[in-house]
Amino acid sequence: MRARRDLSKLAEQQFDVAIVGGGMIGTGVARDAAMRGLKTVLFEKEDFCYGTSGRSSRMIHGGLRYLVNYDLGLVREGLREREILLRLAPHLVHPLKFLIPVYGERILHRLKLKIGMILYDLLSYDKSLPSHKYLDKGKVLEAEPALAENGLQGAYVYYDSQIALTERLCMENVISATRHGAVLLNHAKVVRLLKENNVVSGVQAEDVLTGEHAEFRSKLVVNVGGPWLDKVVRDVRQERQPLARTTKGIHLVTPKVTTDAVALFASDGRAYFVMPWIGFTLVGTTDTDYEEDMDAVRAEVDDVEYLRTEVKNAFPRTSWNRIFYAMAGVRSLLRVEGVKESSVTRRHVIYDHETKEGLRGLVSVIGGKLTAYRGIAEDIVDVASRKLGRKISCTTAVVKLPGADPTELERAKANRDSISKEHGITVEVLENLVALYGSRYKEVLEYVKSNASLRERICETNSDIMAEVVHAVEKESALTLSDFMLRRSLIGLRLCEGLDCSQKVAEKMAEIFGWSSQEVESQIKAYKDEIAKRHTYEKEIAKRSTK
Ligand SMILES: Cc1cc2nc3c(=O)[nH]c(=O)nc-3n(C[C@H](O)[C@H](O)[C@H](O)COP(=O)(O)OP(=O)(O)OC[C@H]3O[C@@H](n4cnc5c(N)ncnc54)[C@H](O)[C@@H]3O)c2cc1C
C-alpha cells in the first residue's frame with residue numbers, strides 16, 4: 001500500500017518560495033524557481049489545473065482581438081510565447097488554422113480586419129507558422145460548408161496554436177519542477193498566510209484529504225490563486241479594495257461542425273470562436289462579471305442560449321440541439337471598472353505587496369493569459385530572485401518540457417508498429433500514449449513490461465490502458481479518481497465522460513491506496529458530482545422548451 005504523505009515532515013524545511021495555486025501560472029513559477037535553484041514549495045487546494053487553466057478556450061495565441069484596443073505589447077508577448085511553446089512542447093501545442101469569414105460588412109470593418117491581419121503578421125515576424133491569406137467565397141464554403149452563405153464575401157485565413165490538453169502541459173511543469181527539487185502538493189489548501197509585524201513568513205496548509213495541518217516557512221509567498229487570489233490574501237491586507245476583476249466564461253462542447261477554427265463576431269460585436277477540440281467542436285466564450293463562489297461556477301442557461309443563438313446564425317444548417325456538456329471558468333483580470341468585461345486588458349501585473357502596501361514577503365499575480373504563463377513565471381521569478389539576492393538567469397524558454405525529447409518522439413513515430421508489437425498493444429493505444437505523455441510514453445510502457453495485465457484497455461471506447469492508472473499515481477501525483485479521469489488521462493473529457501469505467505479505475509486505485517469499498521464509492525460519487533456540474537443547465541433548458 002502506498003504510504004501517505006507527511007505534511008509536517010515536509011514543513012521542517014525552510015523554503016525560499018511558497019507558491020499558492022497550482023494552475024498553469026503557478027506550476028510555471030514552480031518550474032522556473034526550481035530551475036534557478038530556489039527552494040520551492042507549491043500548494044494546490046484541489047488538483048493541478050483544476051481552476052481556470054482547465055476551463056479556457058485552450059488557444060495559444062497573440063489574441064487578434066486585442067489589436068482593437070491597440071494592446072500591441074500584449075499581442076507581441078502572446079506571439080513570442082506561442083513560438084516558444086511550439087518548441088518546448090511540440091507534442092502538446094499544435095498549430096491551429098483559423099478562418100475569419102467576411103460578410104457584406106461595412107468597408108471600414110473590412111479595412112480594419114485587413115489591417116489587423118497585416119499587423120498580426122508583422123508582430124509575429126519570428127514565427128514558424130504561415131502568414132495570413134484571403135480566400136474567396138467559393139473556397140471558404142469548400143473548406144467550411146456549414147457556414148452561413150448569405151452575404152458571405154470570403155474569409156481571411158491565419159494561424160495560431162492550440163493546447164488541446166492543457167491539463168497535460170500543467171503536469172509537465174509539475175514533473176519538471178519536481179525533477180529540479182521542488183515540492184508540489186495537490187489537495188493541499190493554504191488556509192492562512194503566516195504574518196508577523198507586516199511580514200509574511202510562510203503559509204499554514206491543510207492536507208484536504210487527511211485534515212492534517214502544517215506551517216511552512218518561506219522567505220517569499222507568491223500568490224497565483226487565479227480568481228481566488230483576493231481570498232488568499234484577504235486576511236493579511238489592510239486595504240479592502242479587491243485586486244482583481246473576475247469574469248465568467250463558458251464553452252459548449254458539441255458534435256464536430258468545422259474542420260478548422262472559425263473566429264466570428266456575435267451580434268453584440270464580441271469576438272467568439274468555434275474550434276475543433278479532441279474530436280468535438282468547442283464553442284466559446286462568454287464574458288460576464290462574476291463575484292460569487294469561484295468553486296461553484298457553472299454554465300447557466302442564459303450563457304448557453306447566448307452562444308447557441310450566435311452559432312445558429314453563423315451555421316444555420318446545423319441544428320446545435322446536441323450539447324454534450326458545458327464548461328465554465330473565471331478569469332482574474334486587472335481591476336478596471338467602468339468598462340465592458342471584454343474591454344478589460346488581459347495583461348498581467350505583478351503586485352508587490354511590499355511596495356504597494358508595506359507588507360513584506362508577498363507578491364500576487366493579477367491577470368495574465370494561459371499563453372503567456374511561461375513569460376509571466378519568468379517575470380515573477382525575476383522579482384523573487386531580486387528580493388532574495390540571487391542572480392541566476394531563466395532558462396525555461398530553451399529547456400524543453402519532460403515529454404518533449406525529440407529523439408524519443410521521432411522514434412515513436414518512425415517505429416510505431418514495432419513498438420506496439422513489442423508491448424502487445426495496438427498502434428492506436430501507442431498513439432494515445434504519445435499524445436498524452438509525449439516521449440514519456442516509455443514510462444507507462446515500463447509498467448506493461450513488468451506486468452502484462454496492465455496493457456488491458458480501461459474501456460472499449462477509449463484507447464487508455466490500465467498502466468496509466470498506476471503511472472498516474474506513482475509518477476504524476478494522482479490522489480483521487482477525479483485527478484486521474486479529468487487531469488491525467490482525460491477520459492472524463494471524452495464523449496462517455498468516463499462514467500462507464502469509473503468503477504474499474506477506482507478499484508485499481510483502491511489496490512494502490514488501500515481504499516475501503518466505502519472509499520471507492522465516495523470517490524465515484526465525488527467524480528460524478530464533478531461531471532454533473534457540466535450539466536446543470538440541462539434541466540432548465542428542458543423546462544423552457546416544454547413551456
Ligand atoms: C473562458 C475562458 C477562456 C480562456 N481562454 C484562453 C485562451 O484561449 N488562451 C489563453 O491564453 N488564456 C485564456 N484564458 C485565460 C487563462 O485561462 C487564464 O489566464 C489562466 O488559466 C490563469 O492561470 P492561473 O494559474 O493564474 O489560474 P488558475 O488556473 O485558476 O489556477 C489557480 C489555482 O489556485 C488554486 N488555489 C486557489 N486558492 C488556493 C488556496 N487557498 N490554496 C491552494 N490553492 C489555491 C485553485 O484551486 C486553482 O487551481 C481563458 C479564461 C477563461 C475563463
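Not measured: the values here are computed from a predicted model. Ligands are counted one by one from 1 in listed order, and the atoms in each one are counted from 1 as well.
Listed by atom number, the atoms of ligand 1 under 4.0 Å from Gly225 heavy atoms are 32 (C), 34 (O), 37 (C). Set against the non-hydrogen atoms of His61, the atoms of ligand 1 under 4.0 Å away are 9 (N). Atoms of ligand 1 found under 4.0 Å from any heavy atom of Pro227, numbered from 1 in the order shown, are 30 (O). Per-residue contacts place His251 under 4.0 angstrom from the following atoms of ligand 1 (heavy atoms of the residue considered): 1 (C), 3 (C). In summary, the atoms of ligand 1 found under 4.0 Å from a heavy atom of Phe43, numbered by their order in the structure, are 43 (C), 44 (N). Which parts of ligand 1 touch Gly368 is read off a 4.0 Å heavy-atom cut-off, strictly below it: atoms 18 (C), 19 (O). Which parts of ligand 1 touch Arg58 is read off a 4.0 Å heavy-atom cut-off, strictly below it: atoms 8 (O). Below 4.0 Å from some heavy atom of Thr285 lie the following atoms of ligand 1, by number and element: 1 (C).
Counting heavy atoms closer than 4.0 Å to ligand 1, residue Lys231 contributes nothing at all. For Thr52, heavy-atom contacts with ligand 1 shorter than 4.0 Å involve the backbone as well as the side chain. For Val365, no heavy-atom contact with ligand 1 is shorter than 4.0 Å. Contact annotation: for Lys248 versus ligand 1, there are no heavy atoms closer than 4.0 Å. Of all the heavy atoms of Cys49, none lies under 4.0 Å from any atom of ligand 1, so neither backbone nor side chain is involved.
Ring orientation note: the planes of Phe324 and Phe280 are tilted relative to one another, at an angle of 30° to 60°.
Residue contacts with ligand 1 leave out Met294, since none of its heavy atoms falls under 4.0 Å from the ligand. Within the 4.0 Å heavy-atom shell around ligand 1 one finds Ala188.
The shortest N/O to N/O separation between Thr371 and ligand 1 falls below 3.5 Å. Distances between N or O atoms of Val232 and those of ligand 1 include no value under 3.5 Å. Remark: ligand 1 and Ile25 share an N or O pair separated by less than 3.5 Å (distance only, no angle test). Inclusion of Tyr50 in the set of residues having an N or O under 3.5 Å from an N or O of ligand 1 is not warranted. Checking only distances, Met24 does come within under 3.5 Å of ligand 1, N or O to N or O. For ligand 1, the polar-atom distance check finds no N/O of Trp228 at less than 3.5 Å from any of the ligand's N/O atoms.
In this structure, of Gly226, Gly62, Ser53, Gly249, the residue bringing a heavy atom nearest to atom 22 (C) of ligand 1 is Ser53. Remark: among candidates Gly23, Gly284, Ala377, the nearest residue to atom 31 (O) of ligand 1 is Gly23, based on non-hydrogen atoms.
Between the side chains of Tyr537 and Asp303, not a single donor N or O lies within less than 3.5 Å of an accepting N or O. In this model, a donor atom of one side chain and an acceptor atom of the other lie less than 3.5 Å apart for Asp483 and His187.
Val190 N, 2.9 Å is the protein heavy atom nearest to atom 42 (N) of ligand 1. Scanning the protein for heavy atoms near atom 39 (C) of ligand 1, the closest one is Lys45 CD, 3.7 Å. In terms of protein heavy-atom proximity, atom 9 (N) of ligand 1 is closest to Met59 O, 2.8 Å. Atom 48 (C) of ligand 1 has as its closest protein heavy atom Glu44 OE1, 3.4 Å. Protein heavy atom nearest atom 53 (C) of ligand 1, with residue, atom name and distance: Arg331 CG, 3.4 Å. Closest protein heavy atom to atom 50 (C) of ligand 1: Ser56 CB, 3.6 Å. Looking at atom 5 (N) of ligand 1, its nearest protein heavy atom turns out to be Ser57 N, 3.0 Å. Nearest protein neighbour of atom 34 (O) of ligand 1, counting heavy atoms only, is Gly21 CA, 3.2 Å.
A salt bridge links Arg36 with Asp32: the closest approach of a Lys/Arg side-chain nitrogen to an acidic carboxylate oxygen falls below 4.0 angstrom. With respect to Arg192 and Asp235, no salt bridge is recorded, no charged nitrogen being found less than 4.0 Å from a carboxylate O. Contact check on Asp126 versus Arg80 returns no salt bridge, with no Lys/Arg side-chain nitrogen under 4.0 Å from an Asp/Glu carboxylate oxygen. Salt bridge annotation for Arg335-Glu291: present, with a cationic side-chain nitrogen under 4.0 angstrom from a carboxylate oxygen. The pair Asp16-Lys39 fails the salt-bridge criterion, with no side-chain N (NZ, NE, NH1 or NH2) lying under 4.0 Å from an Asp/Glu carboxylate O. With respect to the salt-bridge test (charged N to carboxylate O, under 4.0 angstrom), the residues Arg360 and Glu196 do not qualify. The residues Asp47 and Arg488 are annotated as salt-bridged, a charged nitrogen and a carboxylate oxygen being separated by less than 4.0 angstrom.
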Go through the steps for Arg346 and Asp287 under the test salt bridge (Lys or Arg N to Asp or Glu O under 4.0 Å), then give the verdict. CA-CA 12 Å; Arg346 266 50 177 168; Asp287 201 349; 2.6 Å; yes

Yes or no on side chain to side chain contact (heavy atoms under 4.5 Å, CB included) for Leu359 and Glu354, after CA distance, side-chain angles and deciding distance? CA-CA 4 Å; Leu359 184 58; Glu354 181 176 1; over 6 Å; no

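No option in Leu42, Thr27, Ile25, Thr396 other than Thr27 meets the side chain to side chain contact (heavy atoms under 4.5 Å, CB included) test with Asn173. Of the candidates Tyr159, Phe98, Tyr158, Tyr120 forms a ring pair (Phe, Tyr, Trp, His ring centres under 6.0 Å) with just one, namely Tyr158. Just one residue in the list Glu81, Glu83, Glu172, Glu77 forms a salt bridge (charged side-chain N to carboxylate O under 4.0 Å, His left out) with Arg374, and that residue is Glu81.
The 12-atom threshold is not exceeded at NZ of Lys189, counting heavy atoms of other residues, nucleotides or ligands nearer than 6.0 Å.
For the pair Arg245 and Leu334, the minimum side-chain heavy-atom distance is 4.5 Å or more.
Phe43 and Phe216 have their aromatic ring centers within a separation under 6.0 angstrom.
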